[in-house]
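The basis for the numbers below is simple: all heavy atoms, side chains too, and nothing from hydrogens, waters or symmetry mates. Residue numbers start from 1 in every chain, and the chains themselves are labelled A, B, ... in the order their sequence lines are given, proteins ahead of strands.
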Number of protein chains: 2
Amino acid sequence: MVTSRQEKQTPGASEYHHGRLREALLDAVEAQLPEKGPEGVSLRAAAKHAGVSSAAAFRHFKDKRAVMTAVAVRAHRGMAEHMETAATEARSAGLSVFSAKGRAYLDFALSEPAKFKTMFRTALLDETDVDLVEAEARMTRLLLNDAGEDEKHAEIPAKSLLAWGAVHGLAMLSIEDGLPNSATKDNRSAILEALALLEPQDE
Amino acid sequence: MVTSRQEKQTPGASEYHHGRLREALLDAVEAQLPEKGPEGVSLRAAAKHAGVSSAAAFRHFKDKRAVMTAVAVRAHRGMAEHMETAATEARSAGLSVFSAKGRAYLDFALSEPAKFKTMFRTALLDETDVDLVEAEARMTRLLLNDAGEDEKHAEIPAKSLLAWGAVHGLAMLSIEDGLPNSATKDNRSAILEALALLEPQDE
DNA sequence: TCAAATATGTTATCGATGGTAACATTGGTT
DNA sequence: AACCAATGTTACCATCGATAACATATTTGA
């Protein structure tokens, strides 16, 4: 199932240039991700998948780190949209936005574990990349209920930090098989039950 | 600072055999861990560090996975002892064993981040290894306050699961730079404050 | 005791990988 | 039409994990 090079509109046109190699490479890396994991992906395999030579990737990315960073940006954006959708729906349905976000976070982590891991494999990423910084900031805003809008250096409330850590930790433990079998039987519902304890009940 | 091969007692003895190569290799890998990370360690570098040829490692380990598994076992045991010590001290001092364990978990993660990460990089580990299974079970028992002793398939209380996830997630986020600067300024105290919210206050 | 068996080293080599240099082709600009 | 930047190619390198064939030490047991 090798995705052949994207053809130009003009059928007889030369195929020397790919046309959208950058995106094709990112697609190919994402396709490897579930099976190979964030550290196991190969640029050469991605290039071959895109129907292009091994060295071509370096015309679009400085190095492998730049590729992984772009993949992480994609993942961050995908997760943010997933969470924003869930939050909007919950709001208009009069349900808890808090637990909707938590459920969406967990949903994404469990359904796209490799993308989720990639987002946090900082050793593979260029954390100075502006797109990545922006994507991370968007996630942070989402997780903190846009509370920190006043200033960048606002203190994170302990309760928010706790909730953030809990969803993240349970998601991570779940997808890395860090929980014993008893919890793994149906960890999604068990985790949601645990997170429900954090529901901000008007206080 | 290359650690030369361990000498035998008899000075004139042949140096063809190392004597404790297995342990020396694990030491060398651990030494690489902080800088290279769990996925960045090299068996060849470890062998060179131990003063031995590249292929020698495979006389003591089936493959790289077996090496990383042994490192993870060491890390699990180290962390378990750290937590047990903290728990014992808290108990005899009349302090909260719960928060002592949480603090010890966080301590270990923050002071030995690479070892901590290795423990949860399941893609690198052989999870069928008996030593690893045992070490993980010991950690699980510690985290669940030995509550699950009745049976292996006991349900984990939601509160325990929440606390477990929270410490783990906050530790992970902290060492992977997943928290914004505001929380990173002094994340240890901020995290401990967050965890304090979970203190089981007799209820 | 000493010879065979076993354990533990070594060297040579393989295939895959990320990365670079030198060159080729294309398409846009003027 | 001619140039030039963008984007592709081939050839090559060092490093890595892994294996095979061989060398040496240690242990075992007749």
Side-chain angles (χ1 to χ4, degrees), chain A residues 3-26 28-29 32-33 35-71 121 123-126, chain B residues 3-26 28-29 32-33 35-71 121 123-126:
Chain A
T3 297
S4 61
R5 170 181 307 210
Q6 174 101 349
E7 305 293 344
K8 297 289 189 58
Q9 281 81 353
T10 32
S14 138
E15 296 181 8
Y16 191 89
H17 288 102
H18 185 288
R20 51 176 293 280
L21 181 53
R22 193 193 139 96
E23 298 305 311
L25 287 171
L26 295 181
V29 167
Q32 290 184 3
L33 225 38
E35 190 173 356
K36 305 293 185 184
E39 290 86 6
V41 296
S42 150
L43 290 195
R44 300 178 93 101
K48 182 171 295 185
H49 187 91
V52 115
S53 82
S54 321
F58 297 94
R59 295 294 177 193
H60 297 266
F61 298 96
K62 176 178 174 289
D63 51 18
K64 191 180 188 179
R65 171 177 308 250
V67 179
M68 298 312 295
T69 302
V71 171
R121 286 295 200 283
L124 301 179
L125 309 179
D126 173 11
Chain B
T3 297
S4 60
R5 169 181 307 212
Q6 174 101 347
E7 306 292 344
K8 297 288 189 60
Q9 281 82 351
T10 30
S14 142
E15 296 181 8
Y16 191 90
H17 287 102
H18 184 289
R20 51 176 290 280
L21 183 51
R22 193 193 139 96
E23 298 305 311
L25 287 171
L26 294 180
V29 167
Q32 290 184 7
L33 266 183
E35 190 173 356
K36 305 294 183 182
E39 290 85 7
V41 296
S42 149
L43 290 195
R44 299 177 93 103
K48 182 172 295 185
H49 187 91
V52 115
S53 82
S54 321
F58 296 94
R59 295 293 176 194
H60 296 267
F61 298 96
K62 175 177 174 289
D63 51 19
K64 192 181 189 179
R65 171 177 307 250
V67 178
M68 297 314 294
T69 301
V71 171
R121 286 295 199 284
L124 301 180
L125 309 179
D126 173 13

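- Distance, B:Gln32 CD to D:dT15 C1': 13 Å, rounded to whole Å.
- Taking only side-chain atoms of B:His60, from C-beta outward, the nucleotide of C:dT8, D:dT10, C:dT10 with the closest atom is C:dT8.
- Between B:Glu39 atom CD and C:dT17 atom C1' the separation is 16 Å, expressed in whole Å.
- Computed from coordinates, the B:Leu21 CG to D:dA25 C1' distance equals 15 Å when rounded to whole Å.
- When side chains are defined from C-beta on, B:Arg121 does not count as touching B:Met68, because their heavy atoms never get closer than 4.5 Å.
- If you check every strand for non-hydrogen atoms under 4.0 Å, A:Val67 touches nothing.
- Scanning for side-chain hydrogen bond (donor to acceptor under 3.5 Å, both in side chains) contacts around B:Gln32 gives an empty result, with sequence neighbours left out.
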Check nucleotides 19-21 of chain C against the protein and report each pair of N or O atoms closer than 3.5 Å, with its distance, or say if there are none.
| residue | atom | partner | partner atom | Å |
| --- | --- | --- | --- | --- |
| C:dG19 | OP2 | A:Lys64 | N | 2.7 |

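- The shortest heavy-atom contact between B:Ser42 and B:Ala45 is OG-N, 2.9 Å.
- Distances shorter than 4.0 Å separate some side-chain N or O of A:Ser42 from OP1 or OP2 on C:dT17.
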For a quick test of your reading: what N or O donor-acceptor pairs under 3.5 Å do the side chains of residues 60-67 of chain A make, sequence neighbours left out?
| residue | atom | partner | partner atom | Å |
| --- | --- | --- | --- | --- |
| A:Asp63 | OD1 | A:Arg65 | N | 3.3 |
| A:Asp63 | OD1 | A:Ala66 | N | 3.1 |
| A:Lys64 | NZ | A:Val41 | O | 2.7 |
| A:Arg65 | NH1 | A:Leu125 | O | 2.9 |
| A:Arg65 | NH2 | A:Ala123 | O | 3.3 |

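- Distance check, rounded to the nearest 0.5 Å: NZ of A:Lys48 to CG of A:Leu43 gives 13.5 Å.
- Annotation: the span from B:Thr69 atom OG1 to B:Asp126 atom CG amounts to 5.0 Å, rounded to 0.5 Å.
- Between the CE atom of A:Met68 and the P atom of C:dT17 there is a distance of 14 Å, given to the nearest Å.
- Here C:dA16 presents its P atom at 12 Å from NZ of A:Lys36, a figure rounded to the nearest Å.
- The separation between B:Phe61 atom CZ and C:dT8 atom P is 12 Å, rounded to whole Å.
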